[in-house]
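Notes to accompany the following structure.
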Amino acid sequence: MDKQFLIQEINRLKQQKNAVILAHYYQNEDIQDIADFVGDSLELSKKAQAANADIIVFAGVHFMAETAKILNPSKKVLVPDLNAGCSLADGCDPKDFKIFKEKYPDHVVVTYINCSAEIKAMSDLVCTSSNAKKIIGSIPQDKKIIFAPDQNLGNYLKKETQRDLVLWEGSCVVHEAFSLDKLIEIYIKNPTAKIAAHPESETHILKTAHYIGSTSGIINFIKTDPASVFIVATEAGILHQLSKTVPDKTLIPAPSTEDNSCACSECAFMKINTLEKLLQCLSSESPEIKISEPLRVKALQPIERMLELS
Ligand code: 13P
Ligand code: SF4
């Protein structure tokens, strides 16, 4: 279908149905451009909570749309493709997590927002990459902590907070794929470059970084730092907003191990959403996120605690 037609129809239906489109920085460029708001996980959760449109179309992955529904249950929450999963969320099965949790009965359970509603419902606190240090810091020193499902973010938090976290061994397929050797090769060719990395990356990548933070944190760092060349170790979708806000800076995507033809790393789950699916979802008002009320109420508590602390 013609792109201009798709854009026109999406905008028409959005108005007609009083819908708002929220998109993560990892979405396709066209989706970012048509969205009412583009942000990181924390910002998107806040926007979803505050939304007063009748329909929230969440252009991101399933756990993000599910979080929007948990926070704003009276709205119809749609996602362009229900199969937009996440290796972190999908790698933490509620039955297995229950068994894991039972091994550490006296531990406070902190979970990264990249998990299902069932896992959130088993948690004391939720966090995102932008507030994780603060959330861990809010827990009294004498309390022991379980952190799930991202072991890379968990290892980073252990180092930053000096707390002994018990980690669930999950990881993000995109951030775990960055090649240290290739990153060093690029850095040798660009010795004035600054390296900005997302904390879902492995420790050896984080050790090279001049800045570590969430997608919004990385964008702000690149906007404000005086350097003119940056190597960006996160999903390549972030480069779209950056190329608009800092067109004069050189942005080099960190290379992944698998990737010989192109230097970028893309999340296949995020990229499953397209303009066609966005239009189809607005037009048919499906797929819709559904969640039972008892589960929603349980999952809401640790998210609300996070938002109070953020
Ligand atoms: P943030 O948006 O919090 O930086 O998280 C990145 C991510 O991997 C989302 O799935
Ligand atoms: Fe999940 Fe990684 Fe994709 Fe984010 S980039 S949605 S953490 S698989």
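Atom set for the values below is all heavy atoms of this structure, side chains included, hydrogens, waters and symmetry mates excluded. Along the sequence shown, residues carry numbers from 1. In each ligand, atom 1 is the first atom listed, and ligand 1 is the first ligand listed.
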among protein heavy atoms, the one nearest atom 2 (O) of ligand 1 is His24 NE2, 2.6 Å
Can you classify the ring geometry of His210 versus Tyr187 as parallel (below 30°), tilted (30 to 60°) or perpendicular (above 60°)? tilted
Which of these passes side-chain hydrogen bond (donor to acceptor under 3.5 Å, both in side chains) with Gln32: Lys244, Gln241, Gln27, His240? Gln241
Nearest protein heavy atom with distance in Å, relative to atom 9 (C) of ligand 1: Met64 CE, 3.6 Å
Give the atoms of ligand 1, by number and element, whose distance to some non-hydrogen atom of His198 is under 4.0 Å. 1 (P), 4 (O), 5 (O), 6 (C)
If the test is side-chain hydrogen bond (donor to acceptor under 3.5 Å, both in side chains), which one of Ser87, Ser171, Ser265 qualifies with Glu176? Ser171
Does ligand 1 have any atom that is closer than 4.0 Å to a heavy atom of Ser129? yes
Does the side chain of Thr203 pick up a donor-acceptor pair with the side chain of Asn155 at under 3.5 Å? no
Thr234 and its side-chain hydrogen bond (donor to acceptor under 3.5 Å, both in side chains) partner, picked from Glu200, His175, His198: His175
Does ligand 1 have an atom that lies less than 4.0 angstrom from a heavy atom of Phe269? no
Between Lys47 and Glu43, does any side-chain N to carboxylate O distance fall below 4.0 Å? no
Can you sort out the partners of Ala148 under side chain to side chain contact (heavy atoms under 4.5 Å, CB included), two or more places apart, ordered by chain and number? Phe97, Thr111, Trp168
If you count only heavy atoms, which residues are under 4.0 Å from ligand 2? Tyr26, Val61, Cys86, Ser87, Leu88, Asn114, Cys172, Val174, Glu200, Cys267, Phe269, Met270
Do the side-chain N and O atoms of Ser284 and Ser286 include a donor-acceptor pair separated by under 3.5 angstrom? yes
May I have the step-by-step check of side-chain contact (heavy atoms from CB on, under 4.5 Å) for Leu78 and Glu288, ending in yes or no? CA-CA 4 Å; Leu78 308 175; Glu288 184 183 352; 4.0 Å; yes
For ligand 1, is Glu43 a contact, meaning one of its heavy atoms is under 4.0 Å away? no
With a cutoff of 4.0 Å, is Tyr25 in contact with ligand 1, counting heavy atoms of the residue only? no
